[in-house]
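By convention here, the first residue in the shown sequence is residue 1.
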Amino acid sequence: MTYVGWIFAILAALVLVVAFFVGSRQRSLGHRVGSFECSVVPVGPSHPAPVKGIAHYGVGRLDWWRRWSLSPRPAESWSRGALEVVSRDLVEGDDEQYVVRCSYQGDELVLIMSVQAYAGLTSWLESAPPSSHGAVA
């Protein structure tokens, strides 16, 4: 095999390994009990596109992983006691998705999730001990 052939073979093997790990990670995250698809909308003047990901309910927090990442740690983690739903609206043209506006430690947080995931989120927030959380809108 020539030098170019070896380089091509090594690059192909690396691409396959990365694809395997990304697929394995997504399957692992998506099949956990308490996981749901959830996009995060970066808040700011430029209003970039939502970043797709998978959220997972923890004991006292909501963890969120970017869909296309190899990181074993969540990209974001929000404490249950500091997360409050402010409003929810249907995504324009889609009656199966909500835009959920939240307040987290005084900052705005915008999530996009299915109607079923929203029901789960509000139930999870409301089931917290009474002294640790406010009302859900």
Side-chain angles (χ1 to χ4, degrees):
M1 190 180 275
T2 67
Y3 179 72
V4 174
W6 279 108
I7 290 176
F8 179 73
I10 291 171
L11 288 176
L14 285 174
V15 168
L16 288 174
V17 168
V18 169
F20 171 77
F21 281 116
V22 168
S24 174
R25 178 181 172 275
Q26 286 184 13
R27 182 169 170 77
S28 171
L29 289 174
H31 286 79
R32 288 183 182 176
V33 173
S35 292
F36 59 96
E37 290 190 25
C38 177
S39 297
V40 173
V41 181
V43 178
S46 62
H47 298 293
V51 180
K52 292 186 179 201
I54 297 173
H56 178 77
Y57 301 114
V59 174
R61 68 185 188 280
L62 181 65
D63 294 326
W64 180 80
W65 285 266
R66 293 181 195 282
R67 177 167 295 282
W68 301 107
S69 173
L70 290 176
S71 174
R73 295 192 177 128
E76 299 286 342
S77 189
W78 303 288
S79 170
R80 179 191 232 170
L83 184 64
E84 184 175 344
V85 173
V86 175
S87 69
R88 62 151 168 72
D89 298 304
L90 285 169
V91 171
E92 200 170 309
D94 184 359
D95 59 351
E96 296 293 320
Q97 297 274 324
Y98 276 137
V99 174
V100 182
R101 298 190 186 286
C102 300
S103 173
Y104 183 71
Q105 297 179 342
D107 294 330
E108 183 182 18
L109 172 65
V110 181
L111 306 172
I112 299 175
M113 63 184 69
S114 70
V115 172
Q116 295 85 1
Y118 175 74
L121 175 68
T122 56
S123 295
W124 178 75
L125 288 171
E126 289 173 348
S127 68
S131 62
S132 69
H133 195 72
V136 173

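Between Tyr98 and Leu90, the closest side-chain pair of non-hydrogen atoms falls below 4.5 Å. Side-chain atoms of Phe36 and Gln116, non-hydrogen and from C-beta on, never get closer than 4.5 Å to each other. Contact check for Val110 versus Val100: no side-chain heavy atoms found under the 4.5 Å cut-off. Val99 is not listed as a side-chain neighbour of Val41, based on a closest heavy-atom distance of 4.5 Å or more.
The CD atom of Glu84 lies 9.0 Å from the CG atom of Leu125; values are rounded to the nearest 0.5 Å. Interatomic distance, Ile7 CD1 to Thr2 OG1, rounded to the nearest 0.5 Å: 8.5 Å. The distance from atom OH of Tyr104 to atom CG of Leu62, rounded to the nearest 0.5 Å, is 10.0 Å. Between the CD atom in Gln105 and the CG atom in Leu83 there is a gap of 10.0 Å [rounded to 0.5 Å]. Note: Ile112 CD1 to Asp94 CG = 10.0 Å, rounded to the nearest 0.5 Å. We find the CZ-SG distance between Arg67 and Cys38 to be 11.0 Å, quoted to the nearest 0.5 Å.
Residues Phe8 and Leu16 do not share a hydrophobic cluster, defined by chaining ILVMFWY side chains whose heavy atoms lie under 4.5 Å apart.
Listed by chain and number, the residues in a salt bridge (Lys or Arg N to Asp or Glu O under 4.0 Å) with Glu76 amount to none (sequence neighbours excluded). Every residue meeting the side-chain hydrogen bond (donor to acceptor under 3.5 Å, both in side chains) condition with Ser127, not counting sequence neighbours, appears here in chain and number order: Arg80.
Residue Ala49 comes nearest to Pro42 through the heavy atom pair O-CD, 3.6 Å, listed as atom of the first residue, atom of the second, then distance.
Of the possible polar contacts, one joining the Tyr57 side chain to the Leu121 backbone as a donor-acceptor pair under 3.5 Å is found. Side chain of Tyr118 to backbone of Gln97: no donor-acceptor contact under 3.5 angstrom is found.
Glu37 and Lys52 are not joined by a salt bridge, as no carboxylate oxygen comes within less than 4.0 angstrom of a charged side-chain nitrogen.
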